[in-house]
Structure formats: structure tokens, C-alpha cells
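One structure below.
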Amino acid sequence: MRNSKNLRDYTLEELEALFTNRGLPGYRGRQVFKWLLKPVSDFAELTDLPKNLRQELAQEFSLFIPAVKKVETAQDGTQKLALELADGEVIECVLIPEEDHYTLCVSSQVGCAMGCAFCLTARMGFRRNLWPHEILGQVLRAKELLDQKKSPKPLRNIVFMGMGEPLANYENLIKTLKTLLHPKGFNFSKRRVTVSTAGLVPQIKRLGHEVTVRLAVSLHAACDEIRSRLMPINQRYPLTELLEACRSFPLPRGWRITFEYILLKGVNDTAQDARRLADILRGIPAKINLIPFNEHPLLPFKCPEERAILAFQETLLARGFVATVRKSRGRDISAACGQLATRLAA
Ligand code: SF4
């Protein structure tokens, strides 16, 4: 169990305040913060701090980083990291090689409470929220892996599309984003950090006013009847409310909201579905990401034929939308979208 507060749970401003409240100069907070961006887990490694301060901090705080339990590598170079948390829970994150950089797909919760019918993580149920240090720990472990490989390509993109609904862990998400985006922190570009949600409307409304990041919305159906069957959250926040929140989401110039749409054979993949999707998204700066379903024995859905996928895309393109078909990555190590579920992966 967790018995001391982890210093990576603090933003830079909070760390400065922590030190000044103890009568110490604020620059000590900045000094410590720099170390938190490296994979250090022992206060003895903070060599530019006085020894007595290191000892004092060690008595009260922790620098624990989730431990790498397993790394699996797919044929396409995608790597799935299983990380063990201080309480023994295991989470997963996925490092995806792109042409000139890497993208890391991070988890925000252990399990998930959203219950989406096509998702393996949903089968785990909800276990708990991740602390900022457990989300940042995924970034640190991925960077460490790239350093070990002497990778010439940097980790440039972070997507919150792993296990869990990030907006259901709102306070910890915001703190994590602040450290990821801060110029003195990990300094990721706001264009390259994407938060994906199943559609928690109140939190979508807050998010855009508190931090600037890309928003991705898991839509997966163009009418309430099908969406409620696939995603129980739709009964609480139906499509009209969700799309209204998207319409008023403050987007910087030239940005679009990404709408994720998993194509399920015979469920949401007809020409009528594609036309309805175009109709409901009209007027929203949108990019539609079509995801052919990754079949799994535990899930009762099939992937449509390729020509059905292309016809669906064509209908959207013909109506002036940007619509791409996502290439499945890491399929052979169950790292593809919706397949992260440590406790179920036999
Ligand atoms: S798709 Fe995302 S929101 Fe839905 S159950 Fe899976 S992890 Fe949760």
C-alpha cells in the first residue's frame, strides 16, 4: 500500500509552495522538480541537494516509479510495457514507432468503469485511479527503454488511450498534463498530447478551459440507440449533449477534434451509419478515425470486410470530412486499441 506521498504527484508550482511553506527557498522545489523528469527513485541520487535535506525528504516522501514487469515486442516494432505499481496492480502502456518519432499510449486508471461492449479493459471492471506519478512513470519507463535502445527517434506524442477513462480521473489527469506540457517539465508540445474520452460531458467542458491539448472522442455510433448498446455512458450523456460539448470546445485555430469510430460488422458499418455520422458531425471541425475492430475470442464482434471499411470511409470523404482508417499496431502482442487488460490476457 501507499504510505508516503510521491513527489511526482506535485506540479512545479505545488513543489515550490511545498518548499517555501517549510521555510526553504522556492528554488529548492525547482531543483527537485528537475530530478523528477529523470528515472531516479532514490533520494541519494539528488546529488545537488544538501544531504540533510535529502534525508528529511526521504523520511516523508517517495520517488517510486512503477517497475517494468514485462516488455513485449510486436513484429511491427510496437512495444507493450507491463508496469507494476506499489500496491501490486499492473498497468500497461504501448510504445508505437512512427516514421520520425515514437507515440506512447498511456493508461489513466487500473481497469475502467465505462463498460464499453467492444473493449477488453471494460471486462476487468474498475479497480482504481492512477496517481500522476503512475502516469508520468509510464513516460519515464518508455523514455528509459528508448535510451537503452539508443533510439535516434524521440518520444514525441502522448495519447491517453490506454486503460481507463482519463476524464474520470480528472484532477490527476490535469496535474499530469501540467507536468507533461510545462517548458521546465517534460516540455511536450500541446499539439502532440491527446486526451481521449468516451464522452464525459461535464469534464469535456472543464478540460478545454483548464489546459490546451488535443481532444479525441470515442463515438463508435451515429445514433443513440446503437451507441447506448455499445457504450453505457451514452445513457447518461446522449449524443446531442456530447456533440454540443464538442461544438463549444475551445479549439486553437486549425485544430480539429478527432472522433474515433470502431467499425463492427453488422452493428455500425452500413452506408446509412456513415451518412448519419456525417450528418451529426456537420459544423464541428472534425477528423474521423475509423478503427477496424480487433477481433478477440472474449468479445462478441467481428471486423467488417475491407471493402465495407473503404465504402464507409468513401461516404465520409465524399461529404467533405477528413476520414482515415487506423492501421492496427501491435496486434500480435494484444497491444491494439481496446485490448489492454492485464488480468484477462492469458
Ligand atoms: S473503450 Fe476506453 S472508456 Fe470504454 S471501457 Fe474501454 S478503456 Fe474504458
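Just follow the structure's listing: the first ligand is 1, and inside any ligand the first atom is 1.
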Report task. Considering the heavy atoms of A122, write down every atom of ligand 1 situated less than 4.0 Å from one of them. Result -> 5 (S)
Report summary line: The atoms of ligand 1 lying under 4.0 Å from a heavy atom of G164, numbered in the order shown, are 7 (S)
Query raised in the report: To which of C119, C116, S108, G111 does the heavy atom nearest atom 6 (Fe) of ligand 1 belong?
Result: C119
Report task. Would you please say whether a donor-acceptor pair under 3.5 Å links the side chains of E165 and S108? Result -> no
Query raised in the report: By ring pair (Phe, Tyr, Trp, His ring centres under 6.0 Å), which residues pair with Y261, not counting sequence neighbours?
Result: F312
Report, one line per pair, each donor and acceptor closer than 3.5 Å where one atom sits in a side chain of residues 138-147; sequence neighbours left out.
{"residue": "Q138", "atom": "OE1", "partner": "S107", "partner atom": "N", "Å": "2.8"}
{"residue": "Q138", "atom": "NE2", "partner": "S107", "partner atom": "O", "Å": "2.9"}
{"residue": "Q138", "atom": "NE2", "partner": "E134", "partner atom": "O", "Å": "3.2"}
{"residue": "R141", "atom": "NE", "partner": "P66", "partner atom": "O", "Å": "2.7"}
{"residue": "R141", "atom": "NH1", "partner": "E144", "partner atom": "OE1", "Å": "2.9"}
{"residue": "R141", "atom": "NH1", "partner": "E144", "partner atom": "OE2", "Å": "3.3"}
{"residue": "R141", "atom": "NH2", "partner": "P66", "partner atom": "O", "Å": "3.4"}

Query raised in the report: Would a 4.5 Å heavy-atom cut-off, applied to side chains only, mark Q79 and Y102 as touching?
Result: no
